[in-house]
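The basis for the numbers below is simple: all heavy atoms, side chains too, and nothing from hydrogens, waters or symmetry mates.
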Amino acid sequence: MSSIDSRFTSIEQVTGEFLTNGSKNKATDKNSISGASFNDILLQKEQGSLGLKFSKHASMRLEDRNIDLSGDQVMRLNDGALMAQSKGIRESLIMIDQLAFIVNIPNSTVVTAMDQTDTKNSAFTNIDGAVIN
């Protein structure tokens with residue numbers, strides 16, 4: 001008998017695993033982020049759909065500094081990254097409202113994030129362009 005997947009030997013096992021109401025879906029469990037709040041997961045999904053992703057360091061900075069990005073700010077961050085890309089910038093400082101983000105443009109990754117208290121009297125190094133959006 002040929003198997004559908006190494007875990008399944010029949011279509012009934014597949015439907016029992018993934019289509020049974022009330023049972024926990026293992027496929028969903030693999031994609032869940034343990035310990036993350038609903039807002040964190042929603043923000044990650046919004047950012048992922050726009051093309052930018054946040055490094056672990058940037059995510060920790062946002063959480064530590066209680067920075068909650070609105071949908072509009074995420075869109076403007078993405079627009080800033082697209083503008084930087086169109087100008088040939090590889091490591092960009094993107095300023096949105098009182099927030100500053102360092103974005104690696106080729107990898108579409110936000111490397112770090114700062115709010116207005118962290119940006120005062122600061123020097124930004126290793127960037128080759130800035131976008132104020």
The test is side-chain contact (heavy atoms from CB on, under 4.5 Å); show your working for Met60 and Phe54 and say whether it passes. CA-CA 9 Å; Met60 288 172 44; Phe54 280 64; over 6 Å; no
May I ask you to test the Asn133-Leu77 pair for a side-chain heavy-atom distance under 4.5 Å?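 Answer no - side chains too far apart.
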Kindly indicate whether the side chain of Leu52, heavy atoms from C-beta on, has any atom under 4.5 Å from the side chain of Val103.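 Leu52 reaches Val103 side chain to side chain.
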Examine [X] and [Y] and state if one hydrophobic cluster contains both, with Ile, Leu, Val, Met, Phe, Trp and Tyr joined whenever side-chain heavy atoms are less than 4.5 Å apart.
{"X": "Phe124", "Y": "Ile132", "value": "yes"}
{"X": "Val131", "Y": "Val74", "value": "yes"}
{"X": "Val110", "Y": "Met83", "value": "yes"}

Hey, what do you get for CZ (Arg61) to OG1 (Thr112), rounding to the nearest 0.5 Å?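 Reported value, rounded in 0.5 Å steps: 5.0 Å.
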Identify all side-chain donor-acceptor contacts of residues 87-102 below 3.5 Å with residues at least two apart in sequence or on another chain.
{"from": "Glu91", "atom 1": "OE2", "to": "Asn104", "atom 2": "ND2", "distance (Å)": "2.5"}
{"from": "Asp97", "atom 1": "OD1", "to": "Arg76", "atom 2": "NH1", "distance (Å)": "3.4"}
{"from": "Asp97", "atom 1": "OD1", "to": "Arg76", "atom 2": "NH2", "distance (Å)": "3.0"}
{"from": "Asp97", "atom 1": "OD2", "to": "Gln73", "atom 2": "NE2", "distance (Å)": "2.9"}
{"from": "Asp97", "atom 1": "OD2", "to": "Arg76", "atom 2": "NH1", "distance (Å)": "3.4"}

With distance as the sole test, does Thr109 use its side chain to make a donor-acceptor pair with the main-chain N or O of Asn107 at under 3.5 Å?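 Yes: the side chain of Thr109 pairs with the backbone of Asn107.
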Of all residues at least two apart in sequence or in a different chain, which pass the salt bridge (charged side-chain N to carboxylate O under 4.0 Å, His left out) check with Asp64?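 Partners of Asp64 under the salt bridge (charged side-chain N to carboxylate O under 4.0 Å, His left out) test: none.
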